[in-house]
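Inspection log for the structure reproduced underneath, given as structure tokens.
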Number of protein chains: 2
Amino acid sequence: MPDATVPPSLPPEFGVYFALLEVSALVQHGVEGQLRRDGGLSFVQFQILAILGEDPSSPRSMTDLADRLVHSKSGLTYQVDRLEQAGLVVRVPSKHDERGVNVTLSPQGVSALERVLPGHVDVVRDVLVDALDGADRVELTRLLGGVVQHMRSRPPRSARRSGAGGAEE
Amino acid sequence: MPDATVPPSLPPEFGVYFALLEVSALVQHGVEGQLRRDGGLSFVQFQILAILGEDPSSPRSMTDLADRLVHSKSGLTYQVDRLEQAGLVVRVPSKHDERGVNVTLSPQGVSALERVLPGHVDVVRDVLVDALDGADRVELTRLLGGVVQHMRSRPPRSARRSGAGGAEE
DNA sequence: CACAGGTAGTTCGAATTCGAAGGAGTTGTC
DNA sequence: GACAACTCCTTCGAATTCGAACTACCTGTG
């Protein structure tokens, strides 16, 4: 019988879980200051611009963006509103689907991205990339990529499950 | 996201950056539902309880906690308020420093932690740990640990003045 | 065509977050 | 002991986030 004064500890494999969360929080906060200083952008706003900049020829739907960012749709609406007010993105009604809204980078949005990117690269390099030598970086990328695939391959956030794979009503 | 694609203007090593952020966001959202269902806890609240549970004999100061969580102090005040109202933690004035406040787990806090932990372990295992075989897990932990050390070794967030790279005034 | 069920975005209210300012205690220097 | 500079935590207002409800549109079945 477990001693009530000693809280249960997590399995040792969970170090990876905490380390992951901590690193990502630190990286995120590390870049936030730079983004705000150089471009007046929040981290989420930068992410939106960066995703749109990945492939300017294929505009993204709101749902796409929300999914990519792992954000709520309402939160995305709010941020796209702000970016549109700032003139950095444009909402274009989808041609195929009357309900759909596609978001694209405006020329000003491209400029904003170009303005923050150099400093951003510096900060990320300083804070994250330099912590790893080349081989480790490749290895970490490989491992994280595998995890992303694993997670993306299971029902996305809309599917709630209380355990592991239990069928529920 | 088929592949951590990076805008052409970003160096290729930055795939690790995007993959990291995406994985951590997915993990975080993945556990949030379970924590709320099983214990009525937000992710941050769970983190606070978990940190306090790590070593109940050494209570943590507010600043300590904020630093560990990579959260603002005001945000931590808010969350500790809520946890205290719920009876899960207790604020104890520091003996050595009249300004200091130490936070400890109450018996109810221990119970809450015990109540959510099994399900939490399941979810994390399902979503993250199972994505890796044993060797990869060890490797990932090692890599992330190195990054944490690297980041913690530089001026913490309180010195958000010149941030991470450029000295600027 | 009509209708049920599903999807895309937005709006709304409530909860949470942050940074700046403030009150109080501590430390170092003279 | 007085003073300035610093640290610890909280309060305050503004910005951001989420989930639920809502509108509008699309798809499949009869």
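What you are looking at is a predicted structure, and each value in this text was computed from that prediction instead of being measured.
- Residue whose closest nucleotide on DNA chain D sits further toward the 5' end, between A/His96 and A/Ser42: A/Ser42.
- Note: CG (B/Leu76) to P (D/dC9) measures 9 Å, nearest angstrom.
- Here the side chain of B/Glu98 is nearest to one of C/dG25, D/dC9, D/dT16, namely C/dG25.
- At least one side-chain heavy atom of B/Leu69 sits less than 4.5 Å from a side-chain heavy atom of B/Ile48.
- The distance between atom CG of A/Asp97 and atom P of D/dC26, rounded to the nearest whole Å, is 5 Å.
- OP1 and OP2 of C/dT11 both lie 4.0 Å or more from every side-chain N or O belonging to A/Ser74.
- Residues B/Glu22 and A/Gln47 are not in side-chain contact: their nearest non-hydrogen atoms beyond the backbone lie 4.5 Å or more apart.
- Hydrophobic clustering of Ile, Leu, Val, Met, Phe, Trp and Tyr side chains at less than 4.5 Å, counting indirect connections, keeps A/Val138 apart from B/Tyr17.
- When heavy atoms are screened at a 4.0 angstrom cut-off, A/Arg91 is found touching the sugar-phosphate backbone but no base atom.
- Put simply, the side chain of A/Leu35 does not reach to within 4.5 Å of the side chain of A/Val123, judged on heavy atoms.
- Computed from coordinates, the A/Asp67 CG to C/dA8 P distance equals 10 Å when rounded to whole Å.
- Contact annotation: B/Gln79 does not reach the phosphate of C/dA15 (side-chain N/O to OP1 or OP2, under 4.0 Å).
- In the set D/dC18, D/dT11, C/dC18, the nucleotide with an atom closest to the side chain of B/His71 is C/dC18.
- Protein atom NZ of B/Lys73 is 7 Å distant from nucleotide atom C1' of D/dT7, rounded to whole Å.
- Listed nucleotides D/dC18, C/dG19, D/dC25 differ in distance to B/Ser72; the shortest reach to its side chain belongs to C/dG19.
- Rounded to a whole Å, the CG atom of B/Asn102 is 12 Å from the C1' atom of D/dC9.
- Below the 3.5 angstrom threshold, one finds no donor paired with an acceptor across the side chain of B/Arg99 and the base of D/dC8.
- For the pair B/Leu83 CG and C/dA15 P, the computed distance is 16 Å after rounding to whole Å.
- To the nearest angstrom, P of C/dG19 lies 12 Å from CZ of A/Arg37.
- The main-chain N or O of B/Val101 is never found under 3.5 Å from a side-chain atom of B/Ser94 such that the two would form a donor-acceptor pair.
- Going from atom CZ of A/Phe43 over to atom P of C/dC18 covers 14 Å, rounded to whole Å.
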